[in-house]
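One structure below.
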Amino acid sequence: PAASAAPAAPNGRRSPRPAIARLPVEILALVFEDVWHYTAPLPRLDIESWPWYGAVDPSVVRISHVSRAWREIALNLPLLWSRVDDRMAARMLTFIDRSRTAPLFLSICLSIFHSGIPHGTIYSLLHVSAHRLHRLDVRLEALDIFSHPRLDFLAPNLQVLTIECEIYGRVEIVNHPVLFRGETPALKALALLHVRHWLPGNSFPSLAHLNISYFYMEELPIALLAHLLANCPRLESLHLGKIWSYPLLALDLTPPASPVPLPRLRSLSTSCATLQFVAALLAALTLFAPIRIRVHAAPVQSHTNIWDNFLPSLRFMGALAHLEIAADSSRLYLLAEGERSALWIQAEFQDNRSSLWLSGLANTLDLAAVHTLHVACADWSLLPIFLRHMPTLAVLGVMALPQDAMRRDLFQELERALLAVADSSFHCPALSTLSIQSFGMAEHVRRIAALAAQRAAA
């Protein structure tokens, strides 16, 4: 379409049209779609807030208000109108109408009253537009899952689904409720926020990404979670989180009848889940390298047996080349990396048993190929335990902080390791670099340097 006439110049001639006004319609359409991709909001996957979309008009509405020509182009691009929420009734209806047959990205709230579209209208829109749903973010009460299902319609093209499930009052929970009549063939990403002792019983043949957060002080039973994971054969990433990390006195850690194989899983992460739960979960799965496992803010509760917090064997991750450990009596940070896999753990021990947990590390990881070890520990009696499992160690770095009252023990253990040339339990024949970071211990450092020189000569 022709742009509006350019204003007349003072000499009576018309000013040339700006360059953007001379762009072909096809080029402007591509620009508008590019702007939409970068600015049209998507809900944040945030446990603390409902993932409503942000304001839509910064890009779409403003583009359509620049000129008549731009408005006509925008109205003929259904994609620009396909992402909308239900906070403004008129806008939602207008956007859905303008989106025509484009895939829909909808964010709706069915659990609480708000000033948007009436629930009855939303249900009708969902059913009419179900075949176009590409992404759906919905807030429900548990009643809408178990007693009066609100997601009982076919959505064969749905690829992304977020459900925030609230619980008000007592609701009889159904084991493995089925969503979308059990038909979710295209779903690739699923987020379940605030779930409480329920997980969908659907088969998810295409699901690649799964994010689950627990409800308050609860963790999902292992068998319930394993049942869902067994229905996700193509799962690539799994994240389990909690809202709070209060101590849980009773966990249902009953394992499944047999471990669930997840051959495609490449990322497993937890946040605020207890280390005991993480250990039980890993034991309930059969995993394969390459994989990255992250355990964040995991409490080790004082009422639990320390052995129940030991992770099962992770030797399937392969040989590890790099290991970093920092621990005092109650806090632990661990990073282990290999060529294809990695493990990251941040844990807090409520009864000062971090050293006991670390003493069993060789039963969990393959340390024989560790090339580089960096350690900062309050309990330096762990050092020879680590070294006897690392015959190929080449680089050793140790650090004692100024407030570390046990730093003399560090130097004693180092001296023993360097003196025990003939003792295979301490001998690291490939050791070529020793780095010591300490304060006020110059005499010990000089003695260790002399021992290291004697050892190298031998």
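Note that the structure is a prediction, hence the values are computed from the model and not measured. Quick note: numbers below take in every heavy atom, side chains included, and nothing from hydrogens, waters or symmetry partners.
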Under the criterion side-chain contact (heavy atoms from CB on, under 4.5 Å), which of N309, L275, T274 is the partner of Q301?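 Single pass found, and it is T274.
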With sequence neighbours excluded, residues passing side chain to side chain donor-acceptor pair (under 3.5 Å) with [X]:
X: Q346; result: H296
X: H127; result: none
X: H239; result: S269

Can you tell me which residue pairs pass the side chain to side chain donor-acceptor pair (under 3.5 Å) test with a partner in residues 182-193, sequence neighbours excluded?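 Residue pairs passing side chain to side chain donor-acceptor pair (under 3.5 Å), neighbours aside: none found.
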Kindly state each residue pair satisfying salt bridge (charged side-chain N to carboxylate O under 4.0 Å, His left out) with at least one member in residues 295-316, sequence neighbours excluded.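 Residue pairs passing salt bridge (charged side-chain N to carboxylate O under 4.0 Å, His left out), neighbours aside: R315-D366.
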Quick one: does [X]'s side chain get under 4.5 Å of [Y]'s, heavy atoms only?
X: I163; Y: V195; answer: no
X: L126; Y: L106; answer: yes
X: L311; Y: I345; answer: yes
X: L161; Y: F204; answer: no

Can you see which heavy atom on P156 is nearest to which on A186, and at what distance?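 The pair with the smallest heavy-atom distance is O-CB, 3.5 Å.
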Minimum heavy-atom separation for L228 to L199, with atom names?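 Between these two residues, the closest heavy atoms are CD2-CD1, 3.9 Å.
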Taking the cut-offs as 6.0 angstrom to the six-membered ring centre and 45 degrees off its axis, would you call R135 and F105 a cation-pi pair?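 No - R135 does not lie over the ring of F105 by the 6.0 Å and 45° rule.
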Between OG on residue S99 and CZ on residue R83, distance to nearest 0.5 Å: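 So the OG of S99 and the CZ of R83 are separated by 12.5 Å.
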Rounded to the nearest 0.5 Å, what separation is found between the CZ atom of R294 and the OG1 atom of T270?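 The CZ atom of R294 sits 9.5 Å away from the OG1 atom of T270.
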Salt bridge (charged side-chain N to carboxylate O under 4.0 Å, His left out) against R132, all qualifying residues, sequence neighbours excluded: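 For R132 there are no salt bridge (charged side-chain N to carboxylate O under 4.0 Å, His left out) partners, ignoring immediate neighbours.
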For a quick check under 3.5 Å, do D137 and T162 share a side-chain donor-acceptor pair by atom type?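 T162 and D137 do have a side-chain donor-acceptor pair below 3.5 Å.
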